[in-house]
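Okay, structure first, notes after.
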Amino acid sequence: MSTEENPAAAPRSLAEALRGRDDASLAALLRSRPDLITPVPTDLTQLATRAGTRASVVRALERLDRFTLQTAQALAVASDPATYDELLGLMAGDDGDPAVSAALPRALGTLREQALVWGGDDRLRLVRTARELLAPSPQHPSPTGLGPTVREAGAGISPGRIQEILTTAGLPSTHDSVSALTALADLFSDPERMSALLDQAPSESVEVLERLVWGPPYGQVTADPAPRLRWLLDRGLLLPTAPGTVVLPREVALRLRAGRAHRTTEPVPPPVEAAAAHSPRIVDATAAGQAYTALATVEELLKDWHEGGPAVLRAGGLSVRDLKRTAVALDVPEPVAAFWVELAYAAGLLASDGEADERYAATPAYDEWRERPSGERWARLATAWLAATRTPGLVGERDAKDRTLSALGPGLDRSAAPEVRHRVLALLAGLPEGAAPNTESLLARLRWERPPRADRTGGGAPSPYARRTPAQSAEGARGTTARGATAPGYPADGGSGAGGDEDLRSRLARWTLAEAEMLGITGRGALSSHGRALIGAPPAPRHADAETEPKGPGDKLPVHHRQTPPPPALSPAEQATAAATAARLLEPLLPEPLDHVLLQADLTAVAPGPLERPLADMLGVLADVESKGGATVYRFTPASVRRALDAGRSAADLHAFLAAHSRTPVPQPLTYLIDDVARRHGHLRVGAASSYVRCDDDAVLNEILADKRAAGLGLRRLAPTVLAARTDPAALLEGLRAMGFAPAAESAEGDVLIARADAYRTPPRTPPRTPPEPVPDGPPVPDDTLLAAAIRAVRAGDLASTAPRKPVGGEAGGAGPGELPRTSAADTLATLQAAVLTNETLWIGYVNAEGAASQRVIAPLRVEGGFVTAYDHTADEVRTYPLHRITGVAELAE
């Protein structure tokens, strides 16, 4: 039976409406608004109270799509309560709109599911807090552009003036102001009488109404209004709200709008258009190339910081100078360098060492990561990027305190980033295979799904009483001004509200498209096959699903192609499985590591592709990288050869290594270079005195002493073959090498020290350093187990607070809802013992050890030793309660 047929069945409050829901409906509410379950409410009344708090309602409104939000905004300007037909009229207008009529039940169902609207179709009520946020006021204009009602705007007008307005409008006078305003509102709401009244209006007056009709509805008038304004004021079509300020009543605006609350309603989400189509094979190959480049870039970054990276700023993060140096080393722009640094940080491969002189360095996890297959290494980077709230695109901007945001520094977390990344990739997954999206259509879809803040409540718009420009003041001198023109960024009816500045979600979406391309999740703008697997998306539809088959990589796809639904959100276990699948799909697409190079006569070596790790590591010590790209060019120099000799290699080892890994004969100039450096290497010996130099050839030492460049080393001869120095051994080594010599360090025992290329790592800790935790965007969505337990507890608590009780005599029977029962200790004990014998269920009041009082419904099992053991319906388990903590008992009514 409907509430229309049985008005008594209509809920009188949100708590009653929630009480009438089944478990599935309550679970849907708690899943869509997880903040309501933190902590679990004691009963449905507390749940309803929490659902009406301002913070919770604002959070819920922020997650509505544009059409559902427009529905809530229409309810905020409708009567309270409103009927479904009234709401439909506000949304579809007098002429009706089939698309709006078809979409409205879904939008209203969403508002009901999220407890923002309650009541039957004959008595729709918007939650009071939502109405306060969305209803128009001078301080917070409504996104609908509507003003106050006639009753609200005319509340401050004198009774005599109201009667004058009635007479001028052609209505009979009344005995009081309330009935007069009601008669005026009825006139403005009647289409026929309103049309007849407007037919009499001068064209200039109609022009004023047209300027205010879509909002903002406020304007200014002078002390002596122009005739076109006087005509409107005399008939109540404009009503004064403050000295010099008038407003267009809501009823008048709705008649002029043909009953529509919004200028444009958007019942259907805008489609994501495909800008171009490419062969899926080319997309995957391009994405795989980008994935390989991503792995190489991260390795190069951390290799550059092997011996300890840049210092950590006092406020945290990288300095601008260090970021520039990193960008030069990686040969990328600074914003891109910030992205790679942040990605390594998010993946747990990079951290600060935590020492007194704090520096950034690779973590021990980086060594483990390097040994994994390429596909798995890429999957770790991609999953870290998907979940990270760190936003590299903000680097270089300023925070609220006008401080520059630095890479790896504080202030870069944006809780919306993971959700936007997942949603952008999901929308790409809905396009045909190989299709690249039109960026603007993608951003339009995201703005529809989550409108910018200015579209939601209008709270960010300036007051209509803000200062006017000179042009507006001149207009006001002629009679009136549409005051909303002073708020250029404020949409009157649900526009973008960007005000020239793109909202954060749109910026995150643009960054997502660029970062996904750099990571190799997309190729040429289209989602790759391993990118689809990464987000758990189903196989992509083929181009045959579109109206026309793309003929080539540059062909346009039709706008209205069929799109697949977005993939569901993945649990951590499902995400790990998806990452493993993506790695398996990517692995065959990555180039195979090579075990050889091509040596050339100009002292260079060309690596025609990625090298096996031992070969790459050794070649990185023996030669310097000269250029990178599809092939890497290494150059051999005396310094690079000396570096290999310092690492413990002999000339014979180097010759054998090159002969074994070169597909071309070893050039003679390279052989001579190695032999020449090896012949001079270690001829000089440097040790600690502070430091000393020894050499069997005293002529070499004489040459050093005679060199002016040695003056800063503080050298003096101790013996024909020994020089002492004031500098430490490391500085002495560097100084002699700068002079063209090839000294070797030696230990206190006189043995040559081997300088291996060992990498510096952040020190091991307990627990070890882990990737930064994402900043949560509110409480997590509860799983099914938690939801079931919470609903069971809420219903049990509601049963305890609302179950009818039998009077027990005296004061006890008068305990109302929410009050604890009060009985004497003797009555409590007797009632509990009797309930054990009769298997009855009782209602008790209980105070725990912390002094918190609660109501419980129990079925006593036994009473002994000062305790009662009972099945607690509230907790759905057997518990034991001390008798002295029970305030009283009452039997439940049948």
Side-chain angles (χ1 to χ4, degrees), residues 280-303 339-340 342-350 362-388 390 418 421-422 424-426 428-429 433-434 512-540 566-594 609-613 616 770-771 774:
R281 184 166 47 83
I282 293 178
V283 169
D284 287 348
T286 305
Q290 289 296 120
Y292 169 73
T293 302
L295 295 176
T297 303
V298 172
E299 285 194 43
E300 185 177 355
L301 166 68
L302 295 176
K303 184 177 178 181
F339 167 72
W340 294 119
E342 286 286 347
L343 179 63
Y345 178 58
L349 309 179
L350 174 68
T363 64
Y366 169 64
D367 296 312
E368 301 174 10
W369 176 78
R370 290 182 67 201
E371 300 304 321
R372 307 300 300 171
S374 298
E376 293 183 21
R377 291 190 289 136
W378 175 85
R380 177 164 179 173
L381 296 180
T383 52
W385 171 75
L386 271 178
R390 303 278 301 176
R421 292 191 189 110
H422 278 278
V424 168
L425 296 183
L428 295 185
E433 193 174 17
T512 296
L513 292 174
E515 292 166 2
E517 189 76 14
M518 287 190 292
L519 264 175
I521 296 175
T522 60
R524 299 197 178 186
L527 192 63
S528 62
S529 58
H530 50 274
R532 290 179 186 276
L534 182 69
I535 61 173
L570 301 180
S571 66
E574 291 172 335
Q575 182 61 69
T577 302
T581 303
R584 188 173 62 254
L585 291 175
L586 175 64
E587 193 72 45
L589 303 176
L590 294 173
E592 288 289 337
L594 303 177
L611 300 177
E612 292 181 348
R613 187 162 307 283
T770 56

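The figures here come from the full heavy-atom set of this structure, side chains too, leaving out hydrogens, waters and symmetry mates.
The structure places CG of Leu428 at 9.5 Å from OG1 of Thr512, a figure rounded to the nearest 0.5 Å. To the nearest 0.5 Å, atom CG of residue Leu513 and atom OG1 of residue Thr522 are 7.5 Å apart. Atom OG1 of Thr581 and atom CG of Leu586 lie 12.5 Å apart (nearest 0.5 Å). Remark: Tyr292 OH to Leu589 CG distance equals 15.0 Å, nearest 0.5 Å. Of the inter-residue distances, the one linking Glu587 atom CD with His530 atom NE2 reads 11.5 Å to the nearest 0.5 angstrom. Separation of atoms CZ (Arg421) and CD (Glu515) is listed at 6.0 Å; rounding is to 0.5 Å.
Nearest heavy-atom pair across Ala429 and Ile535 is CB-CD1, 4.1 Å. Looking at every heavy atom in both residues, Ala583 comes nearest to Gly375 through CB-O, 3.3 Å. Among all heavy-atom pairs drawn from Ile521 and Ala382, the shortest one is CD1-CB, 4.3 Å. The two residues Lys303 and Tyr366 have their closest heavy-atom pair at N-OH, 4.5 Å. Leu527 approaches Arg532 most closely through the heavy-atom pair CD2-CG, 3.4 Å. Between Ala387 and Pro418, the closest heavy-atom pair is O-CG, 3.5 Å.
Take Arg370 and apply the side chain to side chain donor-acceptor pair (under 3.5 Å) test, not counting sequence neighbours, and it matches Asp617.
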For residues 280-289, please give each side-chain donor-acceptor pair under 3.5 Å, one per line with the distance, not counting sequence neighbours.
unit_1: Asp284; atom_1: OD1; unit_2: Ser529; atom_2: N; d: 2.9
unit_1: Asp284; atom_1: OD1; unit_2: Ser529; atom_2: OG; d: 3.4
unit_1: Asp284; atom_1: OD2; unit_2: Ser529; atom_2: OG; d: 3.0
unit_1: Thr286; atom_1: OG1; unit_2: Ile282; atom_2: O; d: 2.8

Give every donor-acceptor pair under 3.5 Å between a side-chain atom in residues 295-302 and any protein atom, sequence neighbours left out.
unit_1: Thr297; atom_1: OG1; unit_2: Thr293; atom_2: O; d: 2.7
unit_1: Glu299; atom_1: OE1; unit_2: Arg613; atom_2: NH1; d: 3.3
unit_1: Glu299; atom_1: OE2; unit_2: Arg377; atom_2: NH1; d: 2.6
unit_1: Glu300; atom_1: OE1; unit_2: Lys628; atom_2: NZ; d: 2.7
unit_1: Glu300; atom_1: OE2; unit_2: Lys628; atom_2: NZ; d: 2.3

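Counting only distance, with no hydrogens or angles, the side chain of Glu517 and the backbone of Gly525 share a donor-acceptor pair below 3.5 Å. A donor-acceptor distance shorter than 3.5 angstrom exists from the side chain of Trp378 to the backbone of Leu519, with no hydrogens or angles considered.
A heavy-atom distance below 4.5 Å is found between the side chains of Leu534 and Gln575. The closest side-chain heavy-atom distance from Thr363 to Trp369 is not below 4.5 Å.
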